[in-house]
2 protein chains.
Amino acid sequence: MNRERKAPDVVIRRLPLYLRALELIDHNESPIISSEQMAQIIGTSAGQVRKDLSYFGVFGKQGVGYQTLALRDELRRILKLDREIRVGLIGVGNLGEALVRYHQKSPVHRPLQIVALFDTDPKKIGRKIAEVEVFPLEDLEKRIAEFKIKLMILTFPAVNVQEVVDLCVKNGVKAFLNFIPASIKVPFGVKLHTSDVTLELQSLAYYT
Amino acid sequence: MNRERKAPDVVIRRLPLYLRALELIDHNESPIISSEQMAQIIGTSAGQVRKDLSYFGVFGKQGVGYQTLALRDELRRILKLDREIRVGLIGVGNLGEALVRYHQKSPVHRPLQIVALFDTDPKKIGRKIAEVEVFPLEDLEKRIAEFKIKLMILTFPAVNVQEVVDLCVKNGVKAFLNFIPASIKVPFGVKLHTSDVTLELQSLAYYT
DNA sequence: TTATGTGAAGAGTTTCACAGCA
DNA sequence: TGCTGTGAAACTCTTCACATAA
C-alpha cells in the first residue's frame, strides 16, 4: 500500500495523537523513534501505529524506526497543519468564550487561527475575546468569505441550527466542531464532529 | 436475543440520543413511536434503532411500535438515569466553570448531580459556582467518599493527571469525562471518555 | 397489513505474523 | 539482527431482509 489511499476516519482521528507524541519528544535526544515507543506514549499497539501510517506512505526505515522530526512534518502535512487554517466560532457564551481563551493561550494551536466570532447579542458585538472580534451573525456570509473561514465551531443555543450550518456550508465551510445538542445534517464532502457533554455524561452513567 | 447481553460501547453511546428524542416528543400527541420515526429524529436508520434496543430486551409491539413513555423509562433505567448519580469536577478554570454553569442551568441533567468541585488555587477554595462548593484538592479522597462521587469530570491543567485519576479510582470513581490533553490509563471496569478540543480541531483540519 | 426482533450477510477495523530491507 | 510495511485472519459493527406477532 504505497500512496495515499482512502484512510478511514478513525485513522484520521488518531493522527493528531501521533503528532502530539512527536511534538512532546525532544528530537535531539531521540532523533529516531520506533512504532513501539509511539504506541507506549499514546496507549495503543505498535501494529496499529504502523498500519495507520501505511495509509499515507512509507515513512520508516526497516530495522531502524522513524525519524522523529521528519515524521512530525509528514503528519503536519497530511493533517494540513503545515498551512494556516482559518477558524470561526458562532455563539460567544460561557463555553464559546472559554474555548477561544483556551485556544489562544497555547502556541501548539498556531496553524489553526480563530479569526472571527459571531453572536446575535448587540452587547457582545464589537467586543474582543483574546484579541478576536465579535461580529453580528447577519454578517456571517460576508465574513466567512472575507476571512476565508474553512472550519466553524458551533457553541450557540440550539435554535435555527440547521439554517446557520447550511449558510456556512454554502459559503465554503468544510468542517464543523459542534457543541450544540442537536442533530445536524451536512452534505457529503463536509465533515461534522459533535461533542455533546450532556450525551457523554449520560452514557458514562451506564458504567457507574 | 432476549435478556441483557454485553452491548457494545458504541451502542451505549447512542442510547442517550434515543432518550433525548423520546424526551423531546409530546407523549400525549404521540403515545406510540416507531423505530423509523426515532431514526428520523436522530439521523440514523430504523434497523439500527431496533438492533440497539434489542441488546437490552423486547420493548416494542410488532405491527405497532413502541410506547413513548415506557421506552423513555426503560432507557433511563438502562442508563442508570433513574437514580441520582453524583458527579465531581477537578479544575475550576474557564472550561470547568463554564461546564458547571451549563450543567446546572438545565433540568434535563437532574439525575446527574454535580456535588463538589476541586482546585488547588487557595483563592478559589470555598467559593461556590452555581451553588456548588470548591474544595481543596487535598480533600479529594475524603470528599469522594463523603459525597459518594461515581463520575469525575477532569478540567485541570495537564500535570499529575495519572496520579489524580489513580486516587479517584482507588476511592470508587467508576467513570471519567476527561478534557485534559493527556493519555490516561484506567483499570478494567473503569470507563474513560476523552474529549480533546485540540485533537478534534486538528483532525478536522484534514477535511478542510 | 404493519412494524418489530433477529439471524445472517456485509462492511469496517484491529490484530497478527512474517517477508524483507537496513 | 531489529523493526518496518502489509497481506490475511480475526474481530466488531452495521445493514439487510424476513419470520412473526398484533
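Each chain gets a letter, A, B and so on, in the order its sequence line appears, and its residues count up from 1. Side-chain atoms are counted along with the backbone in the values below, which use heavy atoms only and exclude waters and symmetry mates.
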Review point. B:Val64 and B:Ile32: which non-hydrogen atoms are nearest, and at how many Å?
Key: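 Looks like O-CG2, 3.9 Å.
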Review point. So, for A:Glu36 and A:Ala46, which heavy atoms are closest and what is the spacing to 0.1 Å?
Key: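 Taking A:Glu36 first and A:Ala46 second, the nearest heavy atoms are OE1-CB, 3.4 Å.
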Can you check the [X] [atom1] to [N] [atom2] distance for me, whole Å?
| X | N | atom1 | atom2 | value |
| --- | --- | --- | --- | --- |
| A:Gln67 | D:dC3 | CD | P | 16 Å |
| A:Tyr66 | D:dG2 | OH | C1' | 13 Å |
| A:Phe56 | D:dT4 | CZ | P | 18 Å |
| A:Leu53 | D:dG5 | CG | P | 7 Å |
| B:Phe59 | C:dT4 | CZ | P | 14 Å |
| B:Lys61 | C:dT4 | NZ | P | 13 Å |
| A:Glu74 | D:dG5 | CD | P | 11 Å |

Practice item. Taking atom types as modelled, find out whether A:Asp52 and A:Gln48 have a side-chain donor-acceptor pair closer than 3.5 angstrom. Key: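 Side chains of A:Asp52 and A:Gln48: no pair found under 3.5 Å.
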Practice item. At under 4.0 Å between heavy atoms, which parts of nucleotides 9-19 of chain D does protein reach? Answer with one letter per nucleotide, 5' to 3': B base, S sugar-phosphate only, - none. Key: ----SSB-B--
Check your understanding: OP1 or OP2 of D:dT4 sitting under 4.0 Å from any side-chain N/O of A:Ser35?
Key ->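 Affirmative; the distance criterion is met.
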Exercise for review: Can you tell me which residue pairs pass the ring pair (Phe, Tyr, Trp, His ring centres under 6.0 Å) test with a partner in residues 141-162 of chain B, sequence neighbours excluded?
Suggested key: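 Matches after skipping sequence neighbours: B:Phe135-B:Phe147.
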Check your understanding: Would you call A:Arg110-A:Glu84 a salt bridge at under 4.0 Å N-O?
Key ->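 The answer is no: the pair does not qualify as a salt bridge.
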Practice item. Would you mind checking if B:Glu97 and B:Arg101 are paired as a salt bridge, meaning a charged N to carboxylate O distance below 4.0 Å? Key: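 Salt bridge present between B:Arg101 and B:Glu97.
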